[in-house]
Amino acid sequence: MTNETVAGVRIPDSALAREATELVREAASPLLFDHSRRVFVFGALRGAEQGLEFDPELLYVGAMFHDLGLTDRFARTDRRFEIDGADEARRFLTAHGVAGELAQRVWTAVALHTTPEIPLHMAPEIALVTRGVELDVLGIGYHALTDEQRAAVVAAHPRPDFKNRILAAFTEGIRNRPGTAFGNVKADVLAHFVPGFERGDFVEVIKGSDWAE
């Protein structure tokens, strides 16, 4: 057992956590690996700040797997990338003897991590994956942590030119499944970076449905 800590947060080091780490290290780019580790640490720090009780191992798997749907190994083209990662997280946990509600909790954490607000009202592990993602990608909750905490996390897992590079990763991960961006934040990414992308319109879907009125 090692005792690796980042910003005072202990990185889980069970056999399950080590296998999760290696799976993501092999499947994902360094950009996504470092991002996923930051999401775990930021989520754990936000949980401590809010006095939440959570399972660090479940939070770790949720954080590490949350962007697997953007990788060549796990990406599909017929559904949202969040579902790709969620399904793999549940499969991984079930294969390691973590099933039922706990595996479903991690599935939900990954599946909802780009859905604003709703995850924050669910189980702590679900809420904290979203908190970690929001802090690292959007800067939401930036000032809930100290300068020293943020610096320690970035020292362990650097984020050079992260804003531009994560947007490029989002674009490449979803450009071949534009229909899956309907009604969610990834439509903004495609509108900015994919020429010819036409955003779906919720109102037009309602008006154009087969109902007569």
Side-chain angles (χ1 to χ4, degrees), residues 1-25 28 32-69 82-146 148-157 159:
M1 299 284 286
T2 64
N3 289 298
E4 181 184 2
T5 62
V6 177
V9 173
R10 184 178 179 277
I11 305 298
D13 191 43
S14 63
L16 183 153
R18 289 195 299 271
E19 287 189 38
T21 300
E22 289 311 305
L23 185 154
V24 178
R25 195 189 303 275
L32 292 179
F33 180 84
D34 283 328
H35 165 55
S36 298
R37 293 270 285 204
R38 291 195 303 272
V39 165
F40 167 72
V41 179
F42 284 147
L45 288 170
R46 292 303 313 273
E49 172 238 334
Q50 295 174 345
L52 297 178
E53 294 185 6
F54 58 91
D55 184 317
E57 194 171 61
L58 295 182
L59 178 60
Y60 187 73
V61 173
M64 293 304 292
F65 282 53
H66 83 278
D67 272 348
L68 278 186
E82 299 93 335
I83 304 300
D84 297 337
D87 278 359
E88 180 57 23
R90 183 168 55 192
R91 185 210 63 76
F92 177 86
L93 288 170
T94 301
H96 286 78
V98 181
E101 190 276 330
L102 295 180
Q104 187 62 29
R105 190 184 307 176
V106 177
W107 187 95
T108 303
V110 176
L112 292 183
H113 80 267
T114 60
T115 302
E117 190 174 357
I118 291 174
L120 306 183
H121 298 271
M122 303 180 78
E125 296 83 1
I126 299 171
L128 294 177
V129 169
T130 289
R131 290 284 191 199
V133 170
E134 288 182 340
L135 201 162
D136 199 42
V137 177
L138 302 170
I140 297 172
Y142 184 87
H143 294 290
L145 304 185
T146 66
E148 292 75 16
Q149 287 173 319
R150 292 192 304 272
V153 177
V154 173
H157 293 287
R159 36 175 295 151

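Ring geometry for Phe92 versus Phe65: interplanar angle of 30 to 60°, hence tilted.
For the atom pair CE of Met64 and CD of Glu22, the computed distance is 9.0 Å after rounding to the nearest 0.5 Å. Here the CG atom belonging to Leu128 is positioned 11.0 Å from the CD atom belonging to Glu134, to the nearest 0.5 angstrom. From Met122, atom CE reaches atom OG1 of Thr115 across 10.0 Å, with rounding to the nearest 0.5 Å.
Residues Asp13 and Asn3 form no side-chain contact, since every pair of their non-hydrogen atoms from C-beta on lies 4.5 Å or further apart. In this structure, the side chains of Leu16 and Leu93 come closer than 4.5 Å at one or more pairs of heavy atoms. Contact check for Phe33 versus His157: side-chain heavy atoms found under the 4.5 Å cut-off. Pro124 is not listed as a side-chain neighbour of Glu53, based on a closest heavy-atom distance of 4.5 Å or more. In this structure, Asp67 and His113 have side chains that are in contact, with non-hydrogen atoms separated by less than 4.5 Å. Residues Pro56 and Arg10 are not in side-chain contact: their nearest non-hydrogen atoms beyond the backbone lie 4.5 Å or more apart. Counting heavy atoms from C-beta on, the side chains of Leu58 and Leu102 come closer than 4.5 Å. Under the 4.5 Å side-chain criterion, counting only non-hydrogen atoms from C-beta, Leu135 is in contact with Leu145.
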Would you check, one step at a time, whether the test side chain to side chain contact (heavy atoms under 4.5 Å, CB included) holds for Leu23 with Leu68? CA-CA 10 Å; Leu23 185 154; Leu68 278 186; 3.8 Å; yes
For side chain to side chain contact (heavy atoms under 4.5 Å, CB included), just list the numbers for Val137 and His35, CA-CA rounded to whole Å, side-chain angles, deciding distance to a tenth of an Å, and then say yes or no. CA-CA 9 Å; Val137 177; His35 165 55; 3.5 Å; yes
Side chain to side chain contact (heavy atoms under 4.5 Å, CB included) between Val9 and Phe40: does it pass, once the steps are laid out? CA-CA 9 Å; Val9 173; Phe40 167 72; 3.7 Å; yes
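When all heavy atoms of His66 and Val129 are compared, the closest pair comes out as CB-CG1, 4.4 Å. Contact between Thr94 and Ala103 at its shortest, heavy atoms only, is OG1-CB, 4.2 Å. Between Ala109 and Ile126 the shortest heavy-atom distance is CB-CA, 3.7 Å. Nearest heavy-atom pair across Val6 and Val41 is O-CG1, 3.6 Å. Nearest approach of Leu112 to Pro119, heavy atoms of both residues: O-CG, 3.3 Å. Leu45 and Ala7 make their closest contact through CD2-O, 3.7 Å (heavy atoms, listed as atom of the first residue, atom of the second, distance).
Counting heavy atoms of neighbouring residues, nucleotides and ligands inside a 6.0 Å radius, atom CG of Leu138 exceeds 12 of them.
Residue pairs meeting the ring-ring contact (aromatic ring centres under 6.0 Å, His included) criterion with at least one member in residues 115-146: none, sequence neighbours excluded. The salt bridge (charged side-chain N to carboxylate O under 4.0 Å, His left out) pairs that include a residue from residues 33-51 are Glu4-Arg37, Arg38-Asp136, Arg46-Glu49, where partners are two or more places apart or lie in different chains. Residue pairs meeting the salt bridge (charged side-chain N to carboxylate O under 4.0 Å, His left out) criterion with at least one member in residues 111-123: none, sequence neighbours excluded.
Counting only distance, with no hydrogens or angles, the side chain of Glu125 and the backbone of Asp55 share a donor-acceptor pair below 3.5 Å.
With respect to the salt-bridge test (charged N to carboxylate O, under 4.0 angstrom), the residues Glu101 and Arg105 qualify.
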